[in-house]
Peer 1: 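Here you go, one structure.
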Amino acid sequence: MRKILILFSLVLLTNCSKNDDIVQNSSPIVASSMKYTVSEDYGNFNDIYSQQYTFDNDGKVISETYTNFFNPQFNYTSTFEYNSQGRIIKEIKNGQLFSAVIWNGNIAELYNNLNQKITEFIFNNEQLIEYNYGFVSGNLQNHKYNYDTNGNVISEEHQNEVYVEYLNYNTNLSNPLNLIKSIGILRLSYNPYFKNFFETEKAYPYDGGDYITPLTYYGYQNVIDLSNRIISTTDDKTLIYKSKFEYN
């Protein structure tokens, strides 16, 4: 039985004082927005949760509002701060410091509420190429991204073993969640570093985390608007989920 445990950095942090980068204007002007909604088919599709993002003129995420339609106690609003180079340094969630990032060249370090480094992200220019986690427990794990010549992720490795591949990219079709790339290290599970949208995923079956069968091919189906933007996506992997996108 093969288990791959991957940390997607939604970590509660308070009072981290390590970051002394210059912060951008705390009240930037909203230039655009996007709403991302996930629904599940119970005979007809019912919305599970949505995330509304606002962006500044440079395309950086200003705010994220999360709404859970079944469990409203999990609702939150986050705002984000950047250093003078436009790199993410803070997430403020419901008015409290939630995450803090320290940059050292092309390496970003994420700290928890005890000022312990929990994840380290390594970039090659704008591309996230690998990250390491497990610093607190001492059980260090490594995760890598491999890219094609168009700058799209073609595979991911965990502990130097390829466990998922992405095939048949449409380079004329943008990945909507690439819009939140400025906060990408805080939202890795949304694949924000995928520039375009792939049609096929070669991955382990979706079964709650136990990987006991070989890699399997799964297709994706998109609905496109007149501006060639994805407005909904379904897939053959999870079968019952639909992702919807609204743009302003």
Side-chain angles (χ1 to χ4, degrees), residues 2-14 16 18-19 21 51 53 59-61 64 78 80-83 85-93 97-166 169 175-198 201-204 206 209 211 215:
R2 184 183 315 202
K3 290 182 179 287
I4 299 174
L5 303 177
I6 300 190
L7 178 65
F8 296 120
S9 308
L10 292 176
V11 183
L12 179 64
L13 300 149
T14 57
C16 181
K18 286 179 172 287
N19 208 313
D21 282 315
Q51 288 174 252
Y53 298 96
K60 296 193 299 295
V61 177
E64 175 192 65
S78 286
F80 303 91
E81 297 180 6
Y82 301 83
N83 65 15
Q85 288 74 48
R87 290 171 157 179
I88 186 69
I89 57 172
K90 289 182 183 178
E91 176 180 358
I92 308 299
K93 183 176 180 179
L97 184 63
F98 182 74
S99 61
V101 181
I102 310 300
W103 288 88
N104 181 14
N106 283 327
I107 298 176
E109 298 175 330
L110 180 68
Y111 284 81
N112 67 8
N113 60 324
L114 299 176
N115 287 345
Q116 298 168 314
K117 184 171 76 170
I118 57 174
T119 312
E120 177 184 82
F121 303 90
I122 302 172
F123 285 81
N124 180 13
N125 296 317
E126 295 298 315
Q127 292 183 343
L128 175 64
I129 56 174
E130 70 177 281
Y131 62 92
N132 301 290
Y133 62 92
F135 292 94
V136 176
S137 67
N139 181 26
L140 198 62
Q141 302 285 307
N142 175 263
H143 193 90
K144 294 180 181 178
Y145 292 98
N146 300 309
Y147 294 81
D148 64 15
T149 56
N150 292 313
N152 283 304
V153 178
I154 54 173
S155 66
E156 295 183 50
E157 299 178 26
H158 182 73
Q159 298 294 80
N160 296 314
E161 178 183 3
V162 173
Y163 80 96
V164 61
E165 299 176 24
Y166 306 97
Y169 271 98
N175 168 28
L177 287 166
N178 186 243
L179 291 172
I180 67 168
K181 185 177 178 180
S182 66
I183 61 169
I185 59 175
L186 305 179
R187 301 293 186 270
L188 286 181
S189 60
Y190 294 99
N191 292 337
Y193 296 102
F194 290 56
K195 184 172 68 172
N196 297 114
F197 203 88
F198 55 85
E201 181 178 359
K202 185 180 179 183
Y204 290 105
Y206 183 81
Y211 302 92
L215 292 169

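These numbers were taken from a predicted model, which means no experiment stands behind them.
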Peer 1: Cation-pi check for Tyr82 against Lys60: NZ or CZ below 6.0 Å from the six-membered ring centre and within 45 degrees of the axis, yes or no?
Peer 2: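 Yes, a cation-pi geometry holds between Lys60 and Tyr82.
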Peer 1: Verify the ring-centre separation between His143 and Phe121: is it less than 6.0 angstrom?
Peer 2: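 Aromatic pair excluded; centres sit 6.0 Å or further apart.
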Peer 1: Could you go step by step and tell me if Ser155 and Glu165 meet the side-chain hydrogen bond (donor to acceptor under 3.5 Å, both in side chains) rule?
Peer 2: CA-CA 4 Å; Ser155 66; Glu165 299 176 24; over 6 Å; no
Peer 1: Would you tell me whether Asn146 and Glu156 have side-chain atoms, one donor and one acceptor, within less than 3.5 Å of each other?
Peer 2: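 No - no donor-acceptor pair under 3.5 Å links their side chains.
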Peer 1: When you compare the side chain of Lys144 with that of Asn160, does any pair of heavy atoms fall below 4.5 Å?
Peer 2: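 A side-chain contact under 4.5 Å exists here.
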Peer 1: Do Phe80 and Ile89 pass the side chain to side chain contact (heavy atoms under 4.5 Å, CB included) test, and can you show the C-alpha distance, the side-chain angles, and the key distance before you say yes or no?
Peer 2: CA-CA 8 Å; Phe80 303 91; Ile89 57 172; over 6 Å; no
Peer 1: Indicate whether any N or O donor in one side chain lies under 3.5 Å from an N or O acceptor in the other, for Asn142 and Asn132.
Peer 2: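 A donor-acceptor contact under 3.5 Å links the two side chains.
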Peer 1: Please say which of Ile102, Ile118, Ile185 ends up in a side-chain contact (heavy atoms from CB on, under 4.5 Å) with Glu109.
Peer 2: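 Going through the options one by one, the only one that passes is Ile102.
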Peer 1: Please step through side chain to side chain contact (heavy atoms under 4.5 Å, CB included) for the pair Ile129 and Tyr147, ending with a clear verdict.
Peer 2: CA-CA 8 Å; Ile129 56 174; Tyr147 294 81; 4.3 Å; yes
Peer 1: Let me see the working for Glu64 and Arg187 under salt bridge (charged side-chain N to carboxylate O under 4.0 Å, His left out), right down to the final yes or no.
Peer 2: CA-CA 11 Å; Glu64 175 192 65; Arg187 301 293 186 270; 2.8 Å; yes
Peer 1: When rounded to the nearest 0.5 angstrom, what distance separates CD in Gln116 from CG in Leu110?
Peer 2: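 The distance works out to 12.0 Å.
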Peer 1: Could you go through Lys117 and Thr119, starting from their C-alpha distance and side-chain angles, then the distance that decides it, and tell me whether this counts as side chain to side chain contact (heavy atoms under 4.5 Å, CB included)?
Peer 2: CA-CA 6 Å; Lys117 184 171 76 170; Thr119 312; over 6 Å; no
Peer 1: Measuring from Leu215:CG to Tyr163:OH, what's the distance to the nearest 0.5 Å?
Peer 2: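 The CG atom of Leu215 sits 11.0 Å away from the OH atom of Tyr163.
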Peer 1: Counting neighbours of CD on Glu126 that are heavy atoms of other residues, nucleotides or ligands and sit closer than 6.0 Å, is the number greater than 12?
Peer 2: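 At most 12 heavy atoms, drawn from other residues, nucleotides or ligands, come within 6.0 Å of this atom.
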Peer 1: Which heavy-atom pair separates Pro192 from Gly184 by the least distance, and what is that distance?
Peer 2: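 Scanning both residues completely, I find the closest heavy atoms to be CG-CA, 3.6 Å.
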Peer 1: Over 60° means perpendicular and under 30° means parallel, so classify the ring planes of Tyr169 and Phe194, tilted if in between.
Peer 2: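 Taking Tyr169 first and then Phe194, their aromatic rings sit tilted (interplane angle of 30° to 60°).
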Peer 1: Give a yes or no on this: more than 12 heavy atoms of other residues, nucleotides or ligands lie within 6.0 Å of atom CG of Asn150.
Peer 2: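 Counting other residues, nucleotides and ligands, CG of Asn150 exceeds 12 neighbours.
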Peer 1: What distance separates Ile122 CD1 from Asn106 CG, expressed to the nearest 0.5 Å?
Peer 2: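 So the CD1 of Ile122 and the CG of Asn106 are separated by 10.0 Å.
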Peer 1: Please lay out, stage by stage, how Gln127 and Asn125 fare under the test side-chain hydrogen bond (donor to acceptor under 3.5 Å, both in side chains).
Peer 2: CA-CA 6 Å; Gln127 292 183 343; Asn125 296 317; over 6 Å; no
Peer 1: Looking at Asn104 and Ile107, would you say the former's side chain and the latter's main chain have a donor-acceptor pair under 3.5 Å?
Peer 2: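 Such a contact is absent between Asn104 side chain and Ile107 backbone.
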Peer 1: Would Tyr193 and Leu188 satisfy side chain to side chain contact (heavy atoms under 4.5 Å, CB included), going step by step from the backbone distance to the final call?
Peer 2: CA-CA 8 Å; Tyr193 296 102; Leu188 286 181; 3.8 Å; yes
Peer 1: Between the side chains of Gln51 and Tyr53, does any donor sit under 3.5 Å from an acceptor?
Peer 2: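 Yes.
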Peer 1: Quick one: OG on Ser182 to CZ on Arg87, what's the gap to the nearest 0.5 Å?
Peer 2: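 So the gap between those two atoms works out to 13.0 Å.
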Peer 1: Quick one: does Leu140's side chain get under 4.5 Å of Phe135's, heavy atoms only?
Peer 2: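 Of all side-chain heavy-atom pairs linking Phe135 with Leu140, at least one is under 4.5 Å.
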Peer 1: Are Glu81 and Ile92 close enough that some pair of their side-chain heavy atoms sits under 4.5 Å apart?
Peer 2: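 Touching, per the 4.5 Å side-chain cut-off.
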Peer 1: Calculate, to the nearest 0.5 Å, the distance between atoms CG and CG belonging to Asn152 and Asn196 respectively.
Peer 2: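 If I round to the nearest 0.5 Å, the distance is 4.5 Å.
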Peer 1: Any idea how Trp103 and Phe123 line up, ring-wise: parallel (<30°), tilted (30 to 60°), or perpendicular (>60°)?
Peer 2: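 It falls in the tilted class, 30° to 60°.
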Peer 1: Just verifying a value: how many Å separate Asn178 CG and Tyr190 OH, rounded to the nearest 0.5 Å?
Peer 2: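 Result: 15.5 Å between the selected atoms.
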Peer 1: Work out which heavy atom in Ser78 is nearest to a heavy atom in Glu91; give both atom names and the distance.
Peer 2: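 Minimum heavy-atom contact is OG-OE2, 2.6 Å.
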